[in-house]
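Okay, structure first, notes after.
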Amino acid sequence: MTIALVVHQSVRGTTKAMAEAIAAHLNSRGLEAKALPLGLASAAEVAAADIVLLGCWTGGLFVFLQHPDGPWKEYVAGLPPLKARKLGLFTTYLLATGSMFTRMKEALAGKGPEVTLLLRSRGPSLSDAQREKLDRFIA
Ligand SMILES: Cc1cc2nc3c(=O)[nH]c(=O)nc-3n(C[C@H](O)[C@H](O)[C@H](O)COP(=O)(O)O)c2cc1C
């Protein structure tokens, strides 16, 4: 069974809901997927998962200087090297994600495989195109 963890940092619930939609889609494809907030995703569990998706809400000055928040950066800094064969990132935002994914990748540098999925959403739900992207990511 392929284990997928969808780990999220959400303040107002949008990114949490997106993470749950991602996990539900992966479960519908036969994976053993669950969405967990940072505080419930132990470093050991994340390190051992086959597929890891890490998400955070987009913070910044709306049109520039976007970045993951402090708790997300601290969490990622504390992760051991990941065994995962697939690593993806996701975020929710209102106007523009700008430097968000670049900053997230910098925080993860050297921890796991190359990031091969970037998903951004203005709301909690996934579009058909995003579901197809997820299908290609796990293939
Ligand atoms: C302090 C603050 C800064 C934000 N900065 C940005 C930004 O730079 N770009 C953007 O598109 N959205 C920005 N947003 C909007 C959030 O990213 C968006 O509402 C997100 O979906 C919130 O996720 P959450 O519900 O999981 O906390 C900001 C929101 C807050 C509260």
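One-based numbering along the sequence shown. Predicted model, so just to flag it, every value in this text is computed and none were measured. Order of listing sets the numbers, starting from 1, for every ligand and every atom in it.
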In the hydrophobic clustering (ILVMFWY, side-chain contacts below 4.5 Å, transitive), which residues join Leu36, or is it alone? Leu5, Val7, Leu38, Leu40, Val46, Val52, Leu54, Trp72, Tyr75, Val76, Leu79, Leu82, Leu87, Leu89, Met100, Phe101, Met104, Leu108, Val115, Leu118

In the hydrophobic clustering that connects Ile, Leu, Val, Met, Phe, Trp and Tyr at side-chain heavy-atom distances below 4.5 Å, which members other than Val11 occupy its cluster, ordered by chain and number? Trp57

Pairwise side-chain contact, Phe90 with Met18, heavy-atom cut-off 4.5 Å (strictly under): yes

Lys86 atom NZ: more than 12 heavy-atom contacts under 6.0 Å: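 Check passes, neighbour count above 12.
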
Heavy-atom cut-off of under 4.0 Å around ligand 1: list whichever protein residues fall inside it, by chain and number. Ser10, Val11, Arg12, Gly13, Thr14, Thr15, Trp57, Thr58, Gly59, Gly60, Leu61, Phe62, Gln66, Thr92, Tyr93, Leu94, Leu95, Ala96

Any side-chain donor near an acceptor of the partner, Thr97 and Thr58, under 3.5 Å: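 Absent: no donor and acceptor within the cut-off.
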
Sequence-distant partners of Arg122, salt bridge (charged side-chain N to carboxylate O under 4.0 Å, His left out), two or more places apart: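 Per chain and number, Arg122 pairs via salt bridge (charged side-chain N to carboxylate O under 4.0 Å, His left out) with no residue.
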
